[in-house]
Each structure stands twice: as structure tokens, then as C-alpha cells.
Amino acid sequence: MTEQNPQAASRQTAYILIGVLLGAVVGVLINLFKAQMPWLDTVLVGVVFKLLGDIFRNGLMLMVVPLVFFSLMGGVASLRNIGELGRVGGKTVALYMVTTVISVSIALSLALWIEPGVGVENTMAPMALPSPPPPLLDQLINMVPTNPVQAMATMNMLQIIVFAVLMGVAILMAGEPGKRVASMVNDINEVVLQLVTIIMMFAPIGVFALLAKAIAELGFEQIGKLIVYFVLVLTALSIQLLVVFPILLRTVGGVDPRPWLRKMREVWMYAFSTSSSNATLPVTMRVAEQRMGVHNQVAAFSIPLGATVNMNGTAMMQGIACVFIAQLYGIDLTLVQLITVVGMATIAAVGTAGVPSAGIVMLASVLTQVGLPLEGIALVLAVDRLLDMARTVVNVSGDAAVSLIVARSEGELDMEVYRSP
Ligand code: ASP
């Protein structure tokens with residue numbers, strides 16, 4: 001794999017951090033002055049920042065399909081045997097489920113204790129019901145694509161993962177021709193990684209523009225009205241990020257969590273500014289493999305899968321939002337309803353796509369299952385932009401943490417790379 005010069009990498013990270021900070025400051029300033037100077041909003045935010053930010057985000061998204069497909073196919077093709085794939089897959093999925101259930105449980109406990117919805121004025125107008133998500137059975141059947149090109153064209157990540165794994169297995173089983181294809185796939189993978197490096201050269205400007213735009217468009221007054229809910233979601237997210245993941249890394253993974261926390265910062269900046277696990281995926285994979293020492297066989301499988309199904313931060317928001325909306329309407333949640341929230345938020349988080357605001361859309365299905373009024377969404381939606389950025393940080397961190405734990409248990413973690421500064 002192409003190594004990045006460590007000095008250049010840390011300079012790059014510093015530039016991105018400057019982009020993040022400047023973006024936040026400029027965003028707040030525009031938010032304060034846009035009433036007096038409307039051109040700030042129309043020209044600067046609506047044209048300049050939108051142009052720069054969206055081009056950068058498109059560039060990131062552009063790499064997702066080739067990166068996941070070739071990297072995963074190459075990763076599977078380089079496994080020693082198929083049993084290893086089953087073990088890595090089993091451990092990864094189990095850990096994703098466990099971390100999601102932990103996250104919803106923490107979120108619910110906090111929400112029941114703090115009661116964010118008590119005393120908030122409820123002024124919601126009735127809302128039309130969004131269409132329900134397809135039944136679970138159909139979702140399972142649809143994991144196997146009938147047309148791989150269509151799967152890639154529509155960026156259906158689960159279908160792409162299934163196809164790449166099957167192709168990898170076929171390469172493993174195909175003898176000499178398989179070896180030739182595997183070597184070509186690995187070469188293509190190197191080229192795609194180079195493409196990642198090219199796009200990331202624009203990251204400082206890209207994150208600046210994305211953040212400045214997002215913050216310029218935030219409704220600060222609305223956050224004020226829902227401040228308890230807002231702070232509660234942020235607190236829950238921080239607990240998952242700074243307490244739960246490090247404890248899991250230490251106890252289940254048997255590794256010191258400090259290098260993980262240090263090296264994740266770069267990924268956090270991308271997640272925060274793009275609000276998208278998918279757009280962050282190329283960076284998460286690169287950091288996990290090159291800076292944390294997770295071997296490609298594990299990272300190429302667990303991280304794309306995680307970006308698609310593992311959304312701890314989203315599950316937390318959904319759990320807290322359910323309790324908040326119930327309290328808003330004076331509904332006492334029964335124990336059965338609370339357990340339903342845990343189950344439904346877990347499933348909804350799996351079904352949430354790794355793109356901006358997907359989690360709030362899936363909240364509708366959780367509310368319907370639990371029997372809560374859908375109108376409540378309109379209220380939390382008003383403050384969801386910033387929370388989306390924060391929960392995406394937690395979502396991608398869960399993917400990297402699980403990948404690290406699985407790699408360690410498989411002897412696929414290079415401890416020297418992991419510990420290196
Ligand atoms: N934006 C989140 C993500 O991509 C999904 C969500 O809206 O919760 O991870």
C-alpha cells in the first residue's frame with residue numbers, strides 16, 4: 001500500500017484543522033450578520049461555499065464505490081481461507097450489534113433521567129405520514145443484487161459488499177487465473193488509493209466551505225428553545241465516544257485506546273464537516289490501515305460494512321428523540337415500549353444510510369413502531385443539522401473501533417504502526 005510521508009500527513013492534518021476552525025468562525029459570523037447583509041447568505045454561502053463544499057463532497061463520494069469494491073474484493077482474495085472470512089464477519093457483526101444496543105441503552109437512560117421534553121411548549125401542526133420502510137424480509141432478500149452495475153450506480157452499499165465478497169471468494173477458489181486477477185485487483189486498489197490522496201489535497205478548502213455553510217444556516221434561536229434535548233444528545237454522544245469506545249478497546253480489544261483517540265481526530269474532522277459516514281469512508285479506511293495498522297483483510301470488510309449498518313450516534317439520537325417526543329405529548333412510555341425503542345432504534349440505525357440527515361428520516365419508522373406521534377419530528381428537525389454532524393463523528397468512530405478490536409483478535413493488527421506517533 002502507498003505510504004504517506006508522516007510529516008506531510010501531519011501538515012495536512014494541521015491545514016484541515018485550520019479549515020475546520022476558520023469554517024466554524026466564518027459560519028458563526030455570517031449567521032450573526034446575514035440579516036443586515038443578505039448577500040452574505042445569497043452569494044457567499046449560497047454560491048461560493050456551496051460550490052467549493054459540494055465539489056469536495058462529490059469528490060469524496062466519487063471514490064467510495066471503487067474503493068470499497070476493489071479493496072474488499074482484494075482483501076477477501078488475500079485471505080488464507082474462507083473460514084477466516086466467516087470469523088471476521090461474525091465478530092464484526094456481533095460487535096456492531098453490541099455497541100449499538102449499548103448506545104441506545106445509554107441514551108434512553110439519560111433521557112428518562114433528565115426528561116428533556118418536560119416543560120417544552122408543543123406547537124406542532126399535524127404532519128403527513130412518511131411512507132413506511134420496506135419490511136425486514138425484503139431488506140434481507142435485497143442484499144443480494146440482481147444487477148451489480150445497478151448496485152454500484154445507485155450506491156447500494158450492502159449489495160456492493162455482497163458482490164465484492166462473492167467475487168473475492170471466487171478469486172480464492174479459481175486457482176491460477178484467480179491469482180492473476182488478484183494481483184490486478186491489488187494494483188487497481190493502489191491506483192484508487194492514489195486517487196484518495198489527490199482528492200484529499202483539497203480537504204482544507206473543502207471542509208472550510210462545508211462547515212461555514214452548515215453553520216451559517218443553523219437556526220441558533222431554535223437550538224435555544226430545545227436546549228435540553230440538544231445538550232442531552234451531545235452528552236450521550238460524548239459518553240459513547242470518550243468512555244464506551246475506549247473501555248471496549250481496552251477490555252475487549254486489549255489495546256491502549258490513546259493512539260486510537262489521537263489518530264481518529266483526522267477522521268472526525270471529515271465526519272463533522274461532511275455529516276456523512278459514506279463520504280468519510282475513504283478517510284476512515286486510510287487512517288485505520290495506514291495509521292492504526294489494521295490489515296486490509298479486516299479493514300476492507302468491517303469499515304464499509306460499518307459505514308452502512310453501524311450507526312451508534314444515530315441510534316442514540318433516535319432513542320433520546322423518542323423519549324423527548326413522548327414527554328412532549330405527555331405520554332408515559334411503558335417498559336414494553338422502551339424495549340421496543342431499543343430494538344427499533346437498533347434496526348433503524350442499521351437501515352440508516354450514511355448520508356446527511358438520513359437518521360432523522362428513519363426516526364419516523366421508530367416512532368411509528370413505538371406508537372408515538374410523528375409530528376414531533378418537526379420539532380427536533382429544527383435542531384438536527386448540528387446534531388447530525390456530531391453523531392456522524394460517533395458513527396465513524398464505532399466503525400474504526402470495532403475494526404481495530406476484530407483485527408487485534410485475529411492477529412491482523414500491526415502494533416508497531418498502532419503505537420507510532
Ligand atoms: N449523517 C449520518 C451518517 O452519515 C446518518 C444520520 O443522519 O444519522 O453517519
Side-chain angles (χ1 to χ4, degrees), residues 53-54 56-58 60-61 63-65 67-68 96 99-100 103-104 107 130 133 155-158 160-161 207 210-211 213-215 217-218 229-230 232-234 236-238 240-241 245 264 267-285 287-288 302-322 324 341 344-367 377-378 380-403:
D54 286 359
F56 175 63
R57 189 162 42 206
N58 284 0
L60 285 173
M61 295 298 271
M63 296 178 298
V64 171
V65 171
L67 188 69
V68 170
Y96 282 155
T99 51
T100 309
S103 63
V104 195
M155 253 182 116
N156 185 321
M157 297 299 285
L158 278 183
I160 298 171
I161 290 173
V207 296
L210 284 172
L211 260 189
K213 178 168 182 290
I215 295 185
E217 287 170 347
L218 281 184
Y229 165 78
F230 187 78
L232 193 62
V233 176
L234 288 184
L237 293 174
S238 313
Q240 184 77 3
L241 185 66
F245 291 145
M264 280 309 286
V267 183
W268 293 345
M269 291 192 281
Y270 283 87
F272 192 74
S273 48
T274 60
S275 295
S276 164
S277 305
N278 281 357
T280 312
L281 185 59
V283 189
T284 321
M285 279 177 72
V287 168
S302 54
I303 293 182
L305 184 68
T308 316
V309 304
N310 183 48
M311 310 258 169
N312 296 172
T314 302
M316 293 187 115
M317 175 281 285
Q318 290 171 341
I320 295 178
C322 280
F324 174 73
V341 173
M344 285 317 298
T346 304
I347 296 173
V350 172
T352 302
V355 295
S357 299
I360 197 86
V361 176
M362 285 303 281
L363 177 61
S365 78
V366 184
L367 291 174
I377 291 186
V380 289
L381 186 65
V383 297
D384 199 61
R385 189 69 190 84
L386 199 58
L387 292 179
D388 191 9
M389 296 155 90
R391 68 177 176 257
T392 308
V393 167
V394 174
N395 289 346
V396 299
S397 301
D399 307 340
V402 167
S403 178

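Atoms within each ligand, like the ligands themselves, are counted from 1 in listed order. The residues of the chain are indexed from 1 along the displayed sequence.
Inclusion of Ile360 in the set of residues having an N or O under 3.5 Å from an N or O of ligand 1 is not warranted. Among the atoms of Ser275, some N or O lies under 3.5 angstrom from an N or O of ligand 1.
Scanning all protein heavy atoms for the shortest distance to atom 4 (O) of ligand 1 gives Ser277 N, 2.8 Å. The shortest contact between atom 2 (C) of ligand 1 and any protein heavy atom is with Thr392 OG1, 3.4 Å. With hydrogens left out, the protein atom closest to atom 5 (C) of ligand 1 is Val355 O, 3.6 Å, a heavy atom. Nearest protein neighbour of atom 6 (C) of ligand 1, counting heavy atoms only, is Gly359 N, 3.2 Å.
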Query raised in the report: Can you check side-chain hydrogen bond (donor to acceptor under 3.5 Å, both in side chains) on Asp384 and Ser357, steps first, answer last?
Result: CA-CA 8 Å; Asp384 199 61; Ser357 299; 4.8 Å; no

**Report entry** Step-by-step side-chain contact (heavy atoms from CB on, under 4.5 Å) determination, Met317 to Val380
**Finding:** CA-CA 10 Å; Met317 175 281 285; Val380 289; over 6 Å; no

Query raised in the report: Checking side-chain contact (heavy atoms from CB on, under 4.5 Å) for the pair Val64/Met157: CA distance, chi angles, key distance, verdict?
Result: CA-CA 9 Å; Val64 171; Met157 297 299 285; 3.8 Å; yes

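Short contacts between ligand 1 and Ser276, defined as distances under 4.0 Å to a heavy atom of the residue, involve ligand atoms 4 (O). Near Met311, meaning under 4.0 Å from one of its heavy atoms, ligand 1 places the atoms 9 (O). Taking every non-hydrogen atom of Asn395 and a distance limit under 4.0 Å, the qualifying atoms of ligand 1 come out as 2 (C), 3 (C), 9 (O). Under a 4.0 Å criterion applied to the non-hydrogen atoms of Ala358, ligand 1 contributes the atoms 7 (O). If you number the atoms of ligand 1 from 1 as listed, the ones under 4.0 Å from a heavy atom of Ser357 come out as 7 (O). Taking every non-hydrogen atom of Thr314 and a distance limit under 4.0 Å, the qualifying atoms of ligand 1 come out as 5 (C), 6 (C), 8 (O).
Counting heavy atoms closer than 4.0 Å to ligand 1, residue Arg391 contributes side-chain atoms (C-beta onward) but none from N, CA, C or O.
With a 4.5 Å cut-off on side-chain heavy atoms, Val207 and Phe56 count as touching. Looking at Leu305 and Asn310, their side chains never come closer than 4.5 Å, going by heavy atoms from C-beta outward. You'll find the side chain of Ser275 reaches within 4.5 Å of the side chain of Arg385, heavy atoms only. Annotation: side chain of Met311 is not in contact with side chain of Ser103 (no heavy-atom distance under 4.5 Å). Contact check for Val309 versus Leu158: side-chain heavy atoms found under the 4.5 Å cut-off.
Among Val104, Thr352, Ile360, Val341, the one residue that satisfies the side chain to side chain contact (heavy atoms under 4.5 Å, CB included) test with Gln318 is Thr352.
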